[in-house]
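Nothing here was measured: the structure is a model prediction, and the numbers come from that model. We count residues from 1, following the sequence as given.
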Amino acid sequence: MDIKLIYHLIAGAFSLKKGNMRFFSIRRILVVLVLFPVFVLILITNRIFLLLDYILVPFFCFQKIKSPVFIVAAPRSGTTFLYHSLAKYTNTFTCFKLWEIVFAPSVIQKCILLGIKRIDSFIGSPLKKLVLFVESLLVGNLKTVHLLGLNLPEEDEGLLLWSLSSIYLNFFYPDSTFFDKYLYFDKELPTWRRKWIMRSYRNYLKRHNFVFNRKGTWRFLSKNPLMMCKLVSLKEQFPDAIILNINRCPSETIPSTIALNNTLYGLFTSIAPTVEVNDKTKKILIDWYRMADEALAIHYKEKHLKIDFYQLVQNNQATLNEIRLFLGMNEFEPLLKESEVKHQRSKNKYEPLMEPELAEIMLQMPFMKPYTRK
């Protein structure tokens, strides 16, 4: 474990510099005193069970992951919409759900919780009802910007929290520069660190398949916008991986992501993000677009499909057929009910970029011109 990282997680919880988003405020103090210990408790518990896997069920290491499908695109590009649509084809795909990511990353934990679920179901599901009630209290507001639930498919970046190597940590340490190298994963992290993190990620997938897909009947499905900066490393671990890359006009994705990030920052501090923080988010997104475009062209020549966001969300039949043929599926229609589609239409508030700013951005990534909207 990286000693510098551990030190930063502890010492960086607060900042003595006024104006810093980690400066002392009531919300920051409460979050650190309440959420931080809970996170550490879950972290220690998960790490113990992950280590026990190697002792009690080491066979998971030999589990195969054949031709996995990764939905990789900029945040706010319809990745959740496509992910949930494909995940409902349970005869074709298997994927992580939130309960597994947070509370059961190990094989042993999965088996324990599945056993508890069976017993609970036998006696009328009182535990399930309690969990759903608590879930509605804790994540009710977040559902307005992201479809969220313990038993719903979720992006697997959260698994890397248990290796203390997730970009998610950046939200808890706003305006810190410590995690910048993780934001430019393929280019700035040391090779040994990149490989260690991605091997850990691959082992999480092996654990999932060992419990839910041991015979390899279904293809593993993942959705993770943060993979935009990890595509080269992803290819090293999964040579036969295929990528679904959704493209939406940056005039919408960039301000929408900034608004979403500010909402997430607001969970951990009452100090508003600065212009510098928002400008940094904008720069990172532009760099991610460029990193992903380069990686797809070089490392996934015949292994990626570019999808127009606007055609996808309008259920354009030609686009749906293209996805179906690319994945080798017999059929594909988004199976989201109308109520779920409304959830997907995020209530995240933002103003699209003005034409001069968009034009300046497009000079840096001309490959996005086919997807621009005026």
Would you name the heavy atoms of [X] and [Y] that are closest together and state the gap between them?
X	Y	value
Lys306	Asn247	CB-ND2, 3.8 Å
Asn245	Ala73	ND2-CA, 3.9 Å
Phe49	Ser106	CB-OG, 3.3 Å
Thr253	Pro250	OG1-CA, 3.3 Å
Phe172	Phe268	CD1-CD2, 3.6 Å
Pro153	His84	O-NE2, 3.5 Å

Ring center gap for [X] and [Y] short of 6.0 angstrom:
X	Y	answer
Tyr204	Phe96	no
Trp162	Phe39	yes
Phe14	Phe24	yes
Tyr54	Phe60	yes

*Name all pairs fulfilling the side-chain hydrogen bond (donor to acceptor under 3.5 Å, both in side chains) condition that reach into residues 110-133, sequence neighbours left out, sorted by first residue then second.*
Glu100-Lys110

*Is there a ring pair (Phe, Tyr, Trp, His ring centres under 6.0 Å) between Phe238 and Phe70 once you walk through the steps?*
CA-CA 10 Å; Phe238 306 98; Phe70 295 93; 5.6 Å; yes

Check whether [X] reaches the backbone of [Y] with its side chain - one donor and one acceptor, N or O, closer than 3.5 Å.
X	Y	value
Tyr83	Ile71	no
Trp218	Asn213	no
Arg28	Phe23	no
Thr269	Met21	yes
Arg290	Met365	no
Tyr300	Leu231	yes
Asn278	Pro273	no
Asn20	Ser15	no
Ser166	Tyr168	yes
Tyr289	Ala74	no

In terms of side-chain geometry, is the basic nitrogen of [X] or [Y] positioned less than 4.0 Å from the acidic oxygen of its partner?
X	Y	value
Lys282	Glu357	yes
Lys230	Asp186	no
Lys283	Asp279	no
Glu333	Arg324	no
Lys280	Asp180	yes

*Donor-acceptor pair between Asn209 and Gln63 side chains, under 3.5 angstrom*: no

*Carefully, step by step, assess Asp156 and Ser222 under the rule side-chain hydrogen bond (donor to acceptor under 3.5 Å, both in side chains).*
CA-CA 7 Å; Asp156 48 32; Ser222 168; 2.9 Å; yes

Evaluate whether atom [atom1] of [X] has more than 12 neighbouring non-hydrogen atoms of other residues, nucleotides or ligands under 6.0 angstrom away.
X	atom1	answer
Leu363	CG	yes
Gln317	CD	yes
Asp240	CG	yes

*For Glu252, which of Tyr371, Tyr350, Tyr310 qualifies under side chain to side chain donor-acceptor pair (under 3.5 Å)?*
Tyr310

*Over 60° means perpendicular and under 30° means parallel, so classify the ring planes of Phe220 and His208, tilted if in between.*
perpendicular

Quick check on the hydrophobic clustering: are [X] and [Y] connected, directly or via other members, by side-chain heavy-atom contacts under 4.5 Å?
X	Y	value
Leu50	Leu52	yes
Trp196	Leu51	no
Leu169	Val34	no
Leu30	Val32	no
Leu164	Ile10	yes

Does any part of the side chain of [Y], heavy atoms only, come nearer than 4.5 Å to the side chain of [X], both counted from C-beta?
X	Y	value
Leu98	Leu152	no
Asp53	Ile108	yes
Leu305	Ile243	no
Leu244	Val72	no
Glu236	Arg194	yes
Leu264	Leu267	yes
Phe326	Ile242	yes
Phe103	Asn46	no

_Please evaluate residues Asn170 and Tyr182 with respect to the criterion side-chain hydrogen bond (donor to acceptor under 3.5 Å, both in side chains), reporting the C-alpha separation (whole Å), side-chain torsions for both, the decisive distance (0.1 Å), and the verdict._
CA-CA 9 Å; Asn170 190 61; Tyr182 290 85; over 6 Å; no

_Ring-face cation of Arg207 near Phe210 (centre distance under 6.0 Å, axis angle within 45°)_ = no

_Residue pair Thr45, Gln109: steps toward the side chain to side chain contact (heavy atoms under 4.5 Å, CB included) verdict_ = CA-CA 10 Å; Thr45 302; Gln109 288 169 303; 4.2 Å; yes

_I'd like to know whether Tyr265 forms a ring pair (Phe, Tyr, Trp, His ring centres under 6.0 Å) with Phe171, so could you lay out the CA-CA distance, the side-chain angles of the two residues, the decisive distance to 0.1 Å, and finally the verdict._
CA-CA 6 Å; Tyr265 289 141; Phe171 291 114; 5.7 Å; yes

*asked:* Using the side chain to side chain donor-acceptor pair (under 3.5 Å) criterion, which residues pair with Glu302? Sequence neighbours excluded.
replied: none

*Could you walk me through whether Ile167 and Phe179 pass the side chain to side chain contact (heavy atoms under 4.5 Å, CB included) check?*
CA-CA 7 Å; Ile167 299 175; Phe179 296 100; over 6 Å; no

_Trace of the side chain to side chain contact (heavy atoms under 4.5 Å, CB included) decision for Arg193 with Ser165_ = CA-CA 9 Å; Arg193 182 69 175 158; Ser165 53; 3.9 Å; yes

*Taking it one step at a time, do Phe93 and Met329 satisfy side chain to side chain contact (heavy atoms under 4.5 Å, CB included)?*
CA-CA 11 Å; Phe93 299 108; Met329 300 172 66; 3.9 Å; yes

